[in-house]
Chemist: 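Handing you a structure now.
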Amino acid sequence: MSNLVTLDEIRAAQKRLAGVAVRTPLYRLERARLRMAKLPEPDFDIYIKAESEQPIGSFKLRGAYNMVAQLSAEVLQRGVITYSSGNHAQGVAYAARALGAKAIIVMPDNTPEIKMAATKSLGAEIVIVGPSSSERQAKAEELARQFGYSVIPPYDDAAIIAGQATCAMEILEQLPSVDLILTPVSGGGLLSGTGAAVALTAPAVQVWGAEPELAADAKESFEAGRLIKWPAEKTTQTIGDGLRTQSLGVLNFEHVMAYVDGIVAVTEAEILSAMSAMLAATKLVPEPSGAVALAAALYHAHELPRVRKIAIVLSGGNLEPGLRRALERH
């Protein structure tokens, strides 16, 4: 039996998220503004799905709430736990608060302060561990066994994937003529959900992922046809703190191999340039992880199919104030 999420699961997620997650806008990026900013001007139209406008500043609310909302009252009473570098942490904390549950979040010690503070403000209890994604997962699972918490994984679960798929469902409704959807990829929840939504409703549309060269485990896994794990010492070097996961999830890998057309890797300089471009050419604020899809569209168009309209997902906008000031000065 297939483990891939179904269209019924995605539509059920849409109903659960109604009134909770925002139906975020899809903005057209004006080419003239790119020209003014002295940036590459592509020969296709770029549309930006602004998930930075979610209540927690990222798409992660979709999957987190979809999973937490399916727990029984008894399970909610015991509390939920997750492991996250920031945005999923806020999604789980937000969902738990909305549904009356205690939330415990295991976070790495290199989490940006803006994400740590936002998670605390939502009432979550935070446990700090080292920088590797495997370490925080192990700690969360240990605490779950000890105290009976329900684990809400950041990406490797059908409920998470179905929730993230609702983002692509909106893009397809907002821009029926879209040719290609490009999303960031780390553990693979957003890319898996995008691939599933597109394959099940608009199979002619291409789906591509983008990730940093310093954390390009998903690209390597995709091209090798097998799941490959990178060391934390390598993936933690990227400025994209939300993309430092050491490998795709097992279920996510199945979705990526079934539904995704390709993955592009971008440099750190390209990420920073894409962030500057978005700040200069739009009113949108991207965090580094949120800018990788635009970096791929601007600097790696030669690796993508020739199309007329590309929708990119601005996955998050929780940008450290100091980095924003530096980019604006630049």
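Given the structure is predicted, the values throughout are model-derived calculations rather than measurements.
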Chemist: Look up atom OG in Ser121 and atom CZ in Arg97, then write down how far apart they are to the nearest 0.5 Å.
Modeler: 7.0 Å
Chemist: Can you find a pair of side-chain heavy atoms, one from Asn252 and one from His255, that are under 4.5 Å apart?
Modeler: no
Chemist: Would you say that Pro25 contacts Glu53 through its side chain, given a criterion of any heavy-atom pair below 4.5 Å between the two side chains?
Modeler: yes
Chemist: Does any part of the side chain of Gln164, heavy atoms only, come nearer than 4.5 Å to the side chain of Phe59, both counted from C-beta?
Modeler: yes
Chemist: Give me the one residue out of Val151, Val68, Ile104, Val92 that meets side chain to side chain contact (heavy atoms under 4.5 Å, CB included) with Thr82.
Modeler: Val92
Chemist: For the pair Lys115 and Asp241, evaluate salt bridge (charged side-chain N to carboxylate O under 4.0 Å, His left out) and give the outcome as yes or no after the intermediate values.
Modeler: CA-CA 10 Å; Lys115 295 183 179 181; Asp241 61 277; 2.6 Å; yes
Chemist: What distance do Tyr94 atom OH and Tyr65 atom OH have between them, rounded to the nearest 0.5 Å?
Modeler: 9.0 Å
Chemist: Can a donor-acceptor pair be found, under 3.5 Å and without considering hydrogens, that links the side chain of Glu211 to the backbone of Lys219?
Modeler: yes
Chemist: So, taking the atom named CZ in Phe222 and the one named CG in Leu248, what distance separates them when rounded to the nearest 0.5 Å?
Modeler: 10.5 Å
Chemist: How far does CG of Asp179 sit from CG of Leu175, to the nearest 0.5 angstrom?
Modeler: 8.5 Å
Chemist: To check you understand the geometry: which heavy-atom pair defines the closest contact between Met169 and Ile10, and what is its length?
Modeler: CG-CG2, 3.7 Å
Chemist: Rounded at 0.5 Å granularity, tell me how far CG in Leu200 sits from CG in Leu172.
Modeler: 11.0 Å
Chemist: Between Glu141 and Lys139, is the closest basic N to carboxylate O distance under 4.0 Å?
Modeler: no
Chemist: Run the side-chain hydrogen bond (donor to acceptor under 3.5 Å, both in side chains) test on Trp230 and Glu220 for me, step by step, so that the C-alpha distance in whole Å, both residues' side-chain angles and the decisive distance to 0.1 Å come before the verdict.
Modeler: CA-CA 10 Å; Trp230 279 27; Glu220 185 177 349; 2.8 Å; yes
Chemist: Any Lys/Arg nitrogen of Arg31 or Asp45 sitting under 4.0 Å from an Asp/Glu carboxylate oxygen of the other?
Modeler: yes
Chemist: Determine whether a donor-acceptor pair (N or O, by modelled atom type, separation under 3.5 Å) exists between the side chain of Glu270 and the backbone of Thr267.
Modeler: yes
Chemist: With a 4.5 Å heavy-atom cut-off, do His300 and Val266 have their side chains touching?
Modeler: yes
Chemist: Any donor and acceptor pair, going by atom type alone, linking the side chain of Ser273 with main-chain N or O of Ala269 inside 3.5 Å?
Modeler: no
Chemist: With side-chain hydrogen bond (donor to acceptor under 3.5 Å, both in side chains) as the criterion, how do Glu287 and Asn87 come out once you've worked through the C-alpha distance, each side chain's angles and the decisive distance to 0.1 Å?
Modeler: CA-CA 11 Å; Glu287 60 185 83; Asn87 286 338; 3.1 Å; yes
Chemist: Would you confirm whether Ser52, through its side chain, and Gly317, through its main-chain N or O, come within 3.5 Å as a donor-acceptor pair?
Modeler: no
Chemist: Hey, are the side chains of Tyr259 and Val198 touching, using non-hydrogen atoms and a 4.5 Å cut-off?
Modeler: no
Chemist: Checking Phe147 now: which residues fulfil ring-ring contact (aromatic ring centres under 6.0 Å, His included) with it, not counting sequence neighbours?
Modeler: Tyr149
Chemist: With the threshold set at 4.0 Å, does a side-chain nitrogen-carboxylate oxygen contact exist between Glu170 and Arg62?
Modeler: yes
Chemist: If you look at every heavy atom in Thr238 and Arg244, which pair is closest and at what distance?
Modeler: O-NH2, 2.8 Å
Chemist: Could you check whether any side-chain heavy atom of Glu125 comes within less than 4.5 Å of a side-chain heavy atom of Lys102, counting everything from C-beta outward?
Modeler: yes
Chemist: I'd like to know if the side chain of Ser247 reaches the main chain of Lys229, judged simply by a donor and an acceptor atom lying under 3.5 Å from each other, with no hydrogens or angles considered.
Modeler: no
Chemist: Check whether Asp109 reaches the backbone of Gly130 with its side chain - one donor and one acceptor, N or O, closer than 3.5 Å.
Modeler: no
Chemist: Does a side-chain N-to-carboxylate-O contact under 4.0 Å join Glu51 and Lys60?
Modeler: no
Chemist: Could you walk me through whether Val178 and Ile310 pass the side chain to side chain contact (heavy atoms under 4.5 Å, CB included) test, one step at a time?
Modeler: CA-CA 6 Å; Val178 66; Ile310 292 182; over 6 Å; no
Chemist: Would you say the side chain of Glu268 lies within less than 4.5 Å of the side chain of Gln237, judging by non-hydrogen atoms?
Modeler: no
Chemist: Any chance you could measure Met278, atom CE, to Leu294, atom CG, to the nearest 0.5 Å?
Modeler: 4.5 Å
Chemist: Counting distance only, does the side-chain N/O of Gln246 pair as donor-acceptor with the main-chain N or O of Ser134 below 3.5 Å?
Modeler: yes
Chemist: Could you tell me which non-hydrogen atom of Leu34 sits nearest to which non-hydrogen atom of Ala277, and how far apart they are?
Modeler: CD2-CB, 4.5 Å
Chemist: Salt bridge (charged side-chain N to carboxylate O under 4.0 Å, His left out) for Arg28 and Glu30? Distances and angles first, verdict last.
Modeler: CA-CA 6 Å; Arg28 185 173 181 271; Glu30 299 294 335; 3.3 Å; yes
Chemist: Apply the test salt bridge (charged side-chain N to carboxylate O under 4.0 Å, His left out) to residues Asp217 and Lys234: give CA-CA distance (whole Å), side-chain angles for both, the deciding distance (0.1 Å), then the verdict.
Modeler: CA-CA 10 Å; Asp217 57 278; Lys234 193 168 186 177; over 6 Å; no
Chemist: What heavy-atom pair brings Ala311 and Leu26 nearest, and what distance separates the two atoms?
Modeler: CB-CD1, 4.4 Å
